[in-house]
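Since the structure comes first, as structure tokens, the remarks are kept for the end.
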Amino acid sequence: MSGPTDVRPAWTPWRTVFAFGLVSMAADMVYEGMRATAGPFLGTLGASAFTVGLVTGAGEAVALMLRLATGAWADHSGRHWRLTVIGYGMTAVCVPLLAVTPFIGGIGLAAASALILLERTGKAVRSPSKSALLARMATATGRGKGFAVHKAMDQVGAFGGPLLLAGSAALTGVLWPGYALLAIPGAAAMLLLAQLRRRVPSVAEPDPEDGPEPARGATGGLRASLGVDLPGTFHLFSLSAALTTAGLMTFGVISYRFVDIGLISLAAVPLVYALAMAVEAVAALATGGLFDRWGGRVLLGVPFLVAAVPLCVFADQLWLVLVGVVVWGVAYGIQDSTVKAYVADLVPARRRATAYGVFAAVQGVGALVGGGVAGALVTHHVGLLAVLVGVVQALAIILLAVTVVRQPGARPPAPAAAGPSPTSPR
């Protein structure tokens with residue numbers, strides 16, 4: 001393993017953000033290709049709508065809630081890069097292995113469900129560390145813009161992965177060959193990550209945005225790991241985001257329903273998901289710069305978008321379903337990029353991985369509850385589901401408004417310095 005003397009000169013801030021975006025682009029081809037088809041694929045293995053809702057909802061919950069532990073671990077150990085590599089490696093392995101599940105008989109459904117959950121565990125392992133690394137890299141670019149550009153590149157992969165699955169399904173009539181092909185971008189992600197690791201240092205050293213760093217070991221134990229000491233505005237924002245996440249049903253539930261009623265064919269599901277991913281990329285880019293100027297206020301429209309989704313995606317007209325998918329993509333694009341920049345502004349720099357973990361764990365509760373409720377109601381009680389989503393989003397916007405009043409704007413982005421040094425711990 002390379003030691004500190006082997007680290008090559010750090011890249012400039014934008015080059016670093018772009019390189020990290022390439023890693024996420026390749027990895028997103030893998031796991032978004034899987035997520036695009038997880039619902040119908042589980043259905044081909046014998047899963048019911050309720051099972052699909054539980055598995056996909058539990059997968060999102062695992063990807064979010066486990067970060068409570070992995071974020072605190074990253075901050076305490078300083079092993080942000082190691083956890084990032086391990087997490088990406090789990091995704092690169094688990095998704096291609098889904099290709100074997102149709103051939104192992106009665107345990108196929110259980111094996112596929114386990115692989116989906118393991119892939120989501122990999123997401124939990126890497127995400128707080130990756131976000132903390134990116135927050136440090138994007139200090140000189142403006143965090144809103146840095147996270148937005150990274151998210152947009154991420155979404156290029158999220159667009160390409162479903163297209164690969166769609167082409168494979170169109171040619172073969174089944175989904176498993178596409179999962180096998182996803183081993184290629186998975187390997188590419190790991191190679192790119194190894195190169196990036198050699199060029200970009202860790203975030204374990206003190207950040208100039210913080211005051212003096214507390215002595216090693218003065219971590220506050222369990223209370224610190226749970227984020228009890230983090231600012232109250234952060235916790236209000238976390239709860240608001242959890243309610244929004246509960247309303248943003250997984251695409252597995254949405255796609256299961258429109259395939260089940262015969263509105264869209266199985267082979268076309270990845271194309272619809274690719275549409276949503278493209279919309280996410282545009283939404284992220286459009287709001288990144290706005291966040292650097294307006295702060296958390298750019299998030300105030302998200303609950304309204306979420307409330308509109310079930311009114312469209314569960315309709316019986318194809319055009320209205322596609323409108324709903326676009327709205328779903330816009331909501332996800334704004335939330336999934338901008339919230340990370342906002343969290344970075346709400347907490348001390350040396351506590352960011354912990355904060356990202358706590359934030360994601362609270363979101364995970366929302367994902368688990370939302371996935372289970374949506375799966376239970378989507379077949380026969382769509383109207384009730386739409387009403388529940390609307391009520392939950394009303395609560396979300398109240399909490400978000402209180403947060404924005406207390407913390408109205410983002411910190412001004414740091415001016416870009418000449419040379420490559422802004423990406424290294426100063």
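For the side-chain contact (heavy atoms from CB on, under 4.5 Å) test with Val52, the passing option among Val55, Thr56, Leu54 is Thr56; the others fail. Under the side-chain contact (heavy atoms from CB on, under 4.5 Å) test applied with Val272, the options Ile264, Val321, Ile254 reduce to a single match, Ile264.
Side chains of Arg67 and Val358 form no contact here, defined as non-hydrogen atoms less than 4.5 Å apart. Contact check for Asp316 versus Leu263: no side-chain heavy atoms found under the 4.5 Å cut-off. For the pair Phe359/Val347, no side-chain contact is recorded, criterion being any heavy-atom separation below 4.5 Å from C-beta on. With contacts defined as side-chain heavy-atom distances shorter than 4.5 Å, the pair Met25/Asp154 does not qualify. Contact annotation: the side chain of Phe41 never approaches that of Val269 to less than 4.5 Å [non-hydrogen atoms, C-beta and beyond]. Contact annotation: the side chain of Leu115 never approaches that of Val95 to less than 4.5 Å [non-hydrogen atoms, C-beta and beyond]. Trp14 is listed as a side-chain neighbour of Val149, based on a closest heavy-atom distance under 4.5 Å. Side-chain contact check for Val309 versus Val389: every heavy-atom pair is 4.5 Å or farther apart.
Formation of a donor-acceptor pair under 3.5 Å by the Arg297 side chain with backbone atoms of Trp294 is found in this model. Side chain of Ser240 to backbone of Leu236: no donor-acceptor contact under 3.5 angstrom is found.
With sequence neighbours excluded, no residue forms a ring pair (Phe, Tyr, Trp, His ring centres under 6.0 Å) with Tyr356. Contacts of Phe20 classified as ring pair (Phe, Tyr, Trp, His ring centres under 6.0 Å), with partners at least two apart in sequence or in another chain: Trp81, His150. Every residue meeting the ring pair (Phe, Tyr, Trp, His ring centres under 6.0 Å) condition with Tyr332, not counting sequence neighbours, appears here in chain and number order: Trp328. Partners of Tyr31 by side chain to side chain donor-acceptor pair (under 3.5 Å), not counting sequence neighbours, listed by chain and number: Asp28, Lys123. Residues that satisfy the ring pair (Phe, Tyr, Trp, His ring centres under 6.0 Å) test with Phe159, not counting sequence neighbours, are absent from this structure. Trp73 pairs by the side chain to side chain contact (heavy atoms under 4.5 Å, CB included) definition with Ser77, Leu83, not counting sequence neighbours. When the side chain to side chain contact (heavy atoms under 4.5 Å, CB included) test is applied to Ile107, the partners found at least two apart in sequence or on another chain are Ile104.
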Could you walk me through whether Val325 and Val279 pass the side-chain contact (heavy atoms from CB on, under 4.5 Å) test, one step at a time? CA-CA 9 Å; Val325 169; Val279 170; over 6 Å; no
TODO: Could you walk me through whether Ile116 and Leu42 pass the side-chain contact (heavy atoms from CB on, under 4.5 Å) test, one step at a time?
DONE: CA-CA 10 Å; Ile116 289 171; Leu42 291 173; 4.1 Å; yes
Subject >> Leu388 and Leu377: CA distance, side-chain angles, deciding distance, side-chain contact (heavy atoms from CB on, under 4.5 Å) verdict >> reply: CA-CA 10 Å; Leu388 289 176; Leu377 298 180; 3.8 Å; yes
* Kindly determine whether Met153 and Val17 satisfy side-chain contact (heavy atoms from CB on, under 4.5 Å), including the steps that lead there. => CA-CA 10 Å; Met153 296 181 67; Val17 170; over 6 Å; no
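A salt bridge (charged side-chain N to carboxylate O under 4.0 Å, His left out) check over residues 35-59, counting only residues at least two apart or in different chains, returns the pairs Glu32-Arg35, Arg35-Glu60. Applying the ring pair (Phe, Tyr, Trp, His ring centres under 6.0 Å) test to residues at least two apart or on different chains, the pairs with a partner in residues 261-283 are Phe251-Tyr273. Under the ring pair (Phe, Tyr, Trp, His ring centres under 6.0 Å) criterion, no residue pair touches residues 363-383, with sequence neighbours excluded. The ring pair (Phe, Tyr, Trp, His ring centres under 6.0 Å) contacts involving residues 82-130 comprise Phe103-Trp176, where partners must be two or more places apart or lie in separate chains. Legend: ring pair (Phe, Tyr, Trp, His ring centres under 6.0 Å) pairs involving residues 108-148, not counting sequence neighbours: none detected.
One finds the OG1 atom of Thr121 at 8.5 Å from the CD atom of Glu119 (value rounded to the nearest 0.5 Å). We find the CG-CG distance between Leu118 and Leu97 to be 9.5 Å, quoted to the nearest 0.5 Å. Here the OG atom belonging to Ser113 is positioned 9.5 Å from the CG atom belonging to Leu98, to the nearest 0.5 angstrom. For the atom pair CZ of Arg15 and CG of Leu196, the computed distance is 10.5 Å after rounding to the nearest 0.5 Å. In this structure, OG1 in Thr244 is found 9.5 Å from CG in Leu239, a value given to the nearest 0.5 Å.
For the pair Ser255 and Pro40, the tightest heavy-atom approach, listed with the atom from each and the gap, is OG-CD, 3.5 Å.
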